[in-house]
Amino acid sequence: MAAYNASQTEEKWQKKWEETELHSVDLSDSKKKKFYNLVMFPYPSGDRLHVGHWYNYAPADSYGRYMRMKGFNVLEPIGFDSFGLPAENYAIKTGVHPTKSIAQNVEHMIVQLKRIGMIYDWDKTVVTSSPDYYKWTQWMFLQLYKKGLAFKKFAPVNWCPNDKTVLANEQVQDGKCDRCGAEVTKRDLSQWFFNLSSYAEKLLDFEGLDWPEKTKTMQKNWIGKSVGSEIVFKVEEPAADLIVYTTRIDTLFGCTYMVLAPEHPLVALLTTKEQKKNVEQYIEKTKKISDIERSSEVREKTGVFTGSYAINPVNGEKVPVWIADYVLVHYGTGAVMAVPTHDDRDYAFAKKYKLNLRTVIADKKQHGEKEMEKYMEENGAYCNDGILINSGDYSGMTSADARVKITEALASKKLADFKTNYKLRDWLLSRQRYWGAPIPVVNCAKCGEVPVPEKDLPVMLPEITDFTPRNDGKSPLSKSEEFKNCKCPKCGGDAERETDTMDTFVCSSWYYLRYPNNKLTDKPFDKDMVDKWLPVDMYIGGPEHACMHLIYARFMNMVMHDLGFVDFKEPFKKLVHQGMITKNGAKMSKSKGNAVSPDMFVEKYGSDVFRMYLMFMGPFQDGGDWNDTGITGISRFVEKFWTLINQKFESDGGENVKRGLNKLIKKAGSDIEIFHFNTTVAAMMEFVNLASKEGIDDASKKDLVRLIAPLAPHLAEECWEILGEKYSVVDSGWPKYDEKLTIDSTVTIGVQVNGKVRGDIEIAVDASKEVAIEMAKANENVAKHLKEGVIVKEIYVPGKIVGFVVK
RNA sequence: GCCCGGGUGGCGGAAAUGGUAGACGCGCAGGACUUAAAAUCCUGUUCCAGCAAUGGAGUAUGGGUUCAAUUCCCAUCCCGGGCACCA
């Protein structure tokens with residue numbers, strides 16, 4: 001028998017799979033239950049696939065293969081998220097036009113992906129930068145536009161000075177650009193948004209979603225729902241209504257001043273002549289401070305008095321109105337009531353500017369004002385709920401009750417109301433970059449903003465040669481007269497195209513709808529088809545997308561649902577995140593120079609060994625630091641497996657092997673289902689070791705080959721053929737097991753004396769307590785320890801333990 | 001600061017519901033085969049003492065509950081991730 005030749009075997013089967021179209025899916029098949037197994041698609045920049053990609057894709061594919069063997073009709077597509085910065089920056093760097101470099105890189109990635117041995121249906125591929133795809137991205141935009149969910153507005157937005165484009169809030173991390181790490185600045189620009197915030201409440205509903213708790217929590221925090229009240233503070237001179245939002249209206253009697261954000265629209269009106277200079281200087285100063293600095297909690301608070309006073313509606317008291325940059329203009333009403341005694345930020349501010357303090361909440365232990373003041377001197381503001389004091393008729397109430405009562409009382413005078421706020425803001429989707437789907441809108445001097453009619457889609461992205469990003473807040477497309485100048489679709493007169501392109505997250509917010517329909521030319525997707533195939537049954541990808549892609553895609557799908565285009569609200573029923581693969585503790589990337597290429601390992605050991613090694617590292621969700629030292633173990637295992645299958649045995653291994661196999665079938669299935677491939681592989685090793693020693697018959701060999709098929713598809717295919725079975729193993733079904741044979745008739749259990757193990761006994765699983773105790777006492781070492789005292793208690797947990805308590 | 005995870009041999013990691021801690025693999029040590037090496041096979045491998053039987057300690061640290069704790073409770077430390085002036 002020859003040693004296993006991995007490279008030859010893998011080449012042979014990859015060729016055969018392709019020739020026989022083994023992985024093409026009949027979407028109309030109604031005999032089998034469908035299973036949509038989806039992995040987040042890659043950006044085809046210049047990077048080749050590294051070990052991190054394999055760590056993600058190979059187990060995802062093993063899962064898909066497992067589901068196919070379980071009898072499902074599995075759709076497992078892959079595509080390329082080819083618009084956007086990674087591709088464009090690569091093109092700029094290499095001087096090759098993205099149209100060309102994308103084609104090359106996609107081609108190269110396909111070769112690499114095929115070497116892994118996936119069951120991808122290559123006929124269903126999508127490439128987001130191709131016109132037959134982005135035509136429908138533009139169509140999506142138009143549907144939102146029609147419903148008023150897409151609009152242009154002038155606003156302070158995040159600007160990345162390095163990438164020279166605006167960014168969505170989700171793409172700013174710690175005040176830095178998510179792509180390049182440059183510090184983000186603010187710019188006042190007119191930009192396109194999707195009305196994401198209007199979906200905040202819907203996005204908070206995770207009903208029926210099998211998602212990691214952590215991911216749901218992250219989205220909940222990002223959406224940031226808060227329930228409170230809006231209160232009107234009247235200003236007499238000049239007359240104005242100042243509206244504030246608070247979750248702590250119970251502390252209203254402790255409000256000793258108010259604060260507006262520097263950008264608040266009433267600032268100019270409320271600033272008195274005497275204060276004008278100070279205020280203007282202050283606003284000028286805050287503009288220069290970056291967002292990171294401004295949002296830092298450590299930074300000392302600054303502010304300036306406007307000269308005006310507002311009336312606290314609950315007690316008629318006049319309080320000074322200040323301006324400070326610790327108040328954010330885009331949240332709530334951009335103005336707050338300040339209660340220094342019960343809010344950390346207000347406390348720090350009031351101390352600095354020597355503003356008044358009044359204690360209005362006592363803790364639940366009924367401490368009075370004196371005790372609370374002493375507490376605050378030591379610990380700062382008391383921010384918990386408590387019992388109201390110094391609060392007129394409300395004194396003595398709990399915070400929770402007072403919030404309702406005070407709001408209701410003021411509401412009757414139209415001075416307050418209940419209000420819910422969200423941190424989630426609208427999705428800024430326009431980008432001042434070349435490599436994206438053009439926004440299908442035309443600006444006409446006569447008709448104004450006019451959407452491009454659906455029949456005129458796609459608005460083709462022109463192949464311009466100079467697409468370097470610009471500093472003036474305009475897209476490089478604005479330089480292309482040919483693109484820019486057009487006729488107004490409404491009046492036929494001269495008009496100009498919108499030259500911004502769409503955020504690539506728009507492209508990826510709907511691609512899962514396109515896979516089953518990727519060849520349709522008259523619509524983005526067929527309703528019957530997507531209603532049949534979606535939601536995605538299993539979605540696999542990185543946790544870094546929790547508050548970006550995974551929010552955008554849910555939003556887009558919900559919009560499609562609300563517009564009647566699809567019947568399902570949520571796009572992804574079940575979600576699993578792979579862990580991160582690091583190299584010496586750092587995230588693997590080409591730019592860091594620590595990306596490990598899988599090619600060398602695949603060449604030496606084969607794809608099967610390499611993918612099993614990645615799976616053997618630990619649970620899929622954990623990731624880990626890359627280290628190749630253990631790969632020989634998997635290589636040896638494959639060799640052993642190969643020998644076992646090819647060897648003729650005198651014995652069928654008997655009861656031991658039969659039970660071992662049944663246990664293995666059970667364990668492999670349940671572990672694969674929770675992505676614990678590491679223990680699946682370990683269990684296979686154990687069984688192979690056992691069978692190699694004791695012998696095995698052909699029928700059991702066939703079961704074993706089917707069990708390893710999802711993990712080592714090439715090896716399995718070859719063994720399947722050797723055993724004389726019909727191509728292909730992936731359609732041979734998943735072996736069944738006999739529950740009775742997974743339970744041993746006898747077990748070895750420990751015997752404890754006073755909690756310490758003093759021996760073990762082999763005993764029937766269903767043995768009676770009497771028998772167990774008797775056998776335990778018969779153990780020499782146990783008997784020795786029992787003699788040290790008198791037995792006061794005897795414990796027997798069948799199949800687990802015998803215990804004695806001796807005194 | 002707040003909210004989640006997590007801390008187990010030299011290493012990666014196993015251990016539903018509390019019940020013989022360390023499966024499986026790597027590495028290491030000894031042995032077999034070989035002129036030799038590699039490959040392969042066998043044996044051992046948590047630490048300490050002992051030739052061994054066995055005894056003691058042991059799942060970040062300190063307490064607690066229990067006949068019995070990696071698992072449950074309290075406190076502390078460390079690491080990773082997320083959020084971070086959201087009123």
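Chain letters run A, B, ... following the sequence lines, proteins first and then strands; every chain starts at 1.
For N781(A), the side-chain atoms get nearest to U54(B) when compared with the rest of G19(B), A87(B), U54(B). Of the listed nucleotides (C26(B), A14(B), C67(B)), C26(B) has the atom at the smallest distance from the side chain of T629(A). Taking the side chain of M617(A) as heavy atoms from C-beta on, and the options G12(B), G55(B), C67(B), the nearest nucleotide is G12(B). You'll find that the side chain of E686(A) is closest to A23(B), out of A23(B), G19(B), A84(B).
Figure legend. U61(B) is base-paired to A75(B); pairs are counted as Watson-Crick or G-U wobble with both atom distances under 3.5 Å. With a 3.5 Å ceiling on both atom-pair distances, U34(B) lacks any Watson-Crick or G-U wobble partner. Look at C26(B): its Watson-Crick or wobble partner, with both distances under 3.5 angstrom, is G10(B). Across all strands shown, A49(B) forms a Watson-Crick or G-U wobble pair, both distances under 3.5 Å, with U54(B). For A39(B), there is no paired base (Watson-Crick or G-U wobble, both distances below 3.5 Å). Across the strands present, G1(B) finds its partner in C83(B); the criterion is a Watson-Crick or G-U wobble pair with both atom distances under 3.5 angstrom.
In this structure, G618(A) and V753(A) both approach RNA chain B, and ranking their closest nucleotides by distance from the 5' end singles out G618(A). Comparing V751(A) and Y422(A) along RNA chain B, the residue whose closest nucleotide (by nearest heavy atom) sits nearer the 5' end is V751(A).
Residue H577(A) is out of contact with every strand shown, counting any heavy-atom pair closer than 4.0 Å. P543(A) comes within 4.0 angstrom of no nucleic acid atom, judged by non-hydrogen atoms across all strands. N689(A) comes within 4.0 angstrom of sugar-phosphate atoms only, judged by non-hydrogen atoms across all strands, and of no base. Base engagement by T748(A) is indicated by at least one non-hydrogen atom pair under 4.0 Å involving a base atom. Within 4.0 Å of N221(A), counting heavy atoms only, lies no atom of the nucleic acid at all. R425(A) comes within contact range of no nucleotide atom at all, as no heavy-atom separation falls under 4.0 Å.
For U20(B), the base has no donor-acceptor partner in the side chain of K756(A) [N/O atoms by modelled type, under 3.5 angstrom].
Taking only side-chain nitrogens and oxygens, H676(A) never comes nearer than 4.0 Å to OP1 or OP2 of G13(B). Remark: R758(A) is not in phosphate contact with U54(B), judged by side-chain N or O atoms under 4.0 Å from OP1 or OP2. An OP1 or OP2 oxygen of C26(B) is reached within less than 4.0 angstrom by a side-chain nitrogen or oxygen of R636(A). An OP1 or OP2 oxygen of A87(B) is reached within less than 4.0 angstrom by no side-chain nitrogen or oxygen of Y326(A). Side-chain nitrogen and oxygen atoms of N678(A) include at least one within less than 4.0 Å of the OP1 or OP2 phosphate oxygen of A14(B).
Regarding the sugar-base torsion, G64(B) falls in the anti class, its angle being beyond 90° of 0. Within 90° of 0 lies the glycosidic angle of A16(B), which makes this nucleotide syn.
Between the CG atom of L328(A) and the P atom of A84(B) there is a distance of 11 Å, given to the nearest Å. Between the P atom of G5(B) and the CH2 atom of W211(A) lies a distance of 18 Å, rounded to the nearest Å. Summarising the geometry, the separation between NZ on K800(A) and P on U71(B) is reported as 17 Å, rounded to the nearest angstrom. The NZ-P distance, from K216(A) to G81(B), rounds to 24 Å in whole Å. Look at CG on D344(A): it is 13 Å from P on C85(B), rounded to the nearest Å.
Partner R248(A) forms a side chain to side chain donor-acceptor pair (under 3.5 Å) with one of T251(A), T246(A), D250(A) and no other, that one being D250(A).
Remark: K301(A) is not positioned above the aromatic ring of F349(A), lacking an NZ or CZ atom under 6.0 angstrom from the ring centre and at most 45 degrees off the axis. Stacking of R554(A) on the aromatic ring of W211(A) is recorded, both the 6.0 Å distance cut-off and the 45° axial limit being met.
In this structure, the side chains of I323(A) and V267(A) come closer than 4.5 Å at one or more pairs of heavy atoms. Counting heavy atoms from C-beta outward, S229(A) and Y245(A) have side chains that stay 4.5 Å or more apart. For the pair R636(A) and E639(A), the minimum side-chain heavy-atom distance is 4.5 Å or more.
Nucleotides G18(B) and C73(B) are separated by 13 Å at their C1' atoms, to the nearest Å.
A salt bridge is defined here as a Lys NZ or Arg NE, NH1 or NH2 lying under 4.0 Å from an Asp or Glu carboxylate O, and E739(A) with K666(A) meets this definition.
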